[in-house]
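Data block below; observations after.
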Amino acid sequence: MPELPEVEILVRHLRPQLQGKRIRGLQVLKPNLLDRISEEELAGLMEGLVIRDIGRRGKFILFETNGPRMVSHLGMTGRMYLQSAGTDLPRHTAVTWIAGRMRFIFEDARSFGSIGISDASLQRMGPEALGETFTPDLLHQSLKGSRTPIKNRLMDQSIVAGLGNIYVSEALFRSGIRPTLASNKVSRARAQRLWSTIRETLGDAIELGVSLSLDFSGTSGRNDGLFYFGSGGRKEDNAEERFLVYGREGKRCRQCGTVVRKVVQSNRSSFYCPVCQK
DNA sequence: CACCATGTTCCTTG
DNA sequence: CCAAGGAACATGGT
C-alpha cells in the first residue's frame with residue numbers, strides 16, 4: 001500500500017480491532033523482513049503483551065504495548081488485516097499472531113517490508129508532513145542548500161516524512177513546480193505554496209480513504225491503485241481517475257490539455273505537465 | 001521474454 | 001566527512 005495516506009487509513013482501521021488485544025503465538029514466516037532482531041527474540045519479547053495503541057510515524061506503523069514497541073513498514077506491497085483465527089494463512093504471510101478470536105496477518109508479496117523493535121529508522125526521519133513542526137519556513141530552509149532536483153528532495157524522509165513517488169508528483173503538479181527543478185531554486189513563496197499543496201494532497205487522499213469501503217485483505221478481486229483494496233465501486237474513486245498527473249504520461253493535462261510527460265529521476269518515474277509546471 | 005511497480009538501505013563515487 | 005546516484009532487495013502484473 002504505502003504512502004502516508006494509505007498507512008494512516010490502515011492504522012485507523014487496525015486500531016479498534018487490535019486495541020486491548022493480547023499478542024499470542026507470534027510467527028515469522030518471512031525472516032528477511034526482520035529488522036535487527038531474530039524471530040526467537042521478537043516472539044519472546046512480544047508474547048503475552050497487550051496492544052495499547054496503533055500509531056504511525058511517516059510510513060512506519062507502530063504497535064504500542066505494555067512492553068517494547070513494535071515498528072513495522074509495508075514496503076511496496078505490504079498488507080495488514082485480521083481474519084478468523086481458524087482460517088489458513090495467506091500465501092505471502094510474513095508475520096502473524098493471534099489477537100483474541102482473530103488472527104493478525106502481515107503479508108508482503110515482494111518482501112520489501114520490515115518489522116522489529118528498533119527505532120533506528122525513526123530516528124533519521126524529519127517532520128511529519130501533516131504535523132505542526134513541518135512549516136513553510138522549515139521546508140524552505142531544508143530545500144535551500146542543495147541543487148538536487150526538488151522531486152528527489154521531497155522523497156527524502158529526513159526532509160519531510162510521509163511522501164512517496166505518487167504523491168510527490170501530485171503535490172508538485174498542484175504547486176506548479178517541475179520535478180526536475182533544482183531544490184535551491186524554489187523561492188520562499190514557492191516553498192510556501194508547495195507546503196500547502198503537500199498538505200492538501202495528503203489530506204485529500206486521507207479524506208478519500210475514509211469515504212471508501214476498503215478491502216484490506218485484497219481478496220475482493222478489485223484492485224484500483226493506491227487504495228487498491230477496493231473502492232466503493234465508483235469509477236471516479238479509482239486511482240487512474242483520481243491522480244492529476246501520476247501515471248498519466250501521454251494523456252492530456254486535466255488543467256490545460258497539454259500532453260503529460262514522464263521523466264526518470266534516480267530510477268523512479270516522475271510525471272508533470274510541461275505547461276503548468278515550471 | 002522485457003519492462004514496470006506505492007520503499008528503504010547499502011555501496012560507490014565524487 | 002558528506003552528498004548524490006545507483007543498485008539491490010524479491011515478486012507479480014502487463
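These values consider heavy atoms only, across backbone and side chains, with no hydrogens, waters or symmetry-generated copies. The sequence lines fix the lettering, A, B, ..., with proteins before strands; numbering per chain opens at 1.
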Whether Arg261(A) and Glu249(A) form a salt bridge (side-chain N of Lys/Arg under 4.0 Å from carboxylate O of Asp/Glu) is what I want to check. no
Does the distance from a Lys or Arg side-chain N to an Asp or Glu carboxylate O, for Arg91(A) and Glu107(A), drop under 4.0 Å? no
What pairs meet the ring pair (Phe, Tyr, Trp, His ring centres under 6.0 Å) rule with one or both residues in residues 255-278 of chain A, with sequence neighbours excluded? Tyr246(A)-Phe271(A)
Taking the six-membered ring for Trp, is the centroid-to-centroid distance between Phe106(A) and Trp97(A) below 6.0 Å? no
So, Arg56(A) and Glu8(A), do they make that salt bridge, N to O below 4.0 Å? yes
Hey, does the side chain of Arg124(A) come within less than 4.0 Å of dT8(B)'s phosphate (OP1/OP2), counting only N and O? no
Arg174(A) and Asp204(A) ion-paired at < 4.0 Å: yes
Does either side chain, that of Ser158(A) or that of Arg124(A), offer a donor lying less than 3.5 Å from an acceptor on the other one? no
Which nucleotide in the list dA5(B), dT8(B), dT9(B) gets nearest to the side chain of Tyr246(A)? dA5(B)
Dot-bracket notation for DNA chain C is requested: 5' to 3', Watson-Crick or G-U wobble pairs only, both distances under 3.5 Å, with ( ), [ ], | and . as defined. .||||||||.||||
Side-chain donor-acceptor contact under 3.5 Å, Thr77(A) with Asp108(A): yes
Could you give the start and end, 5' to 3', of the contact zone on DNA chain C for chain A, using atoms under 4.0 Å from its heavy atoms? dA4(C) to dG12(C)
Just call it for Asn165(A): base, sugar-phosphate, or nothing, with non-hydrogen atoms closer than 4.0 Å on any strand. sugar-phosphate
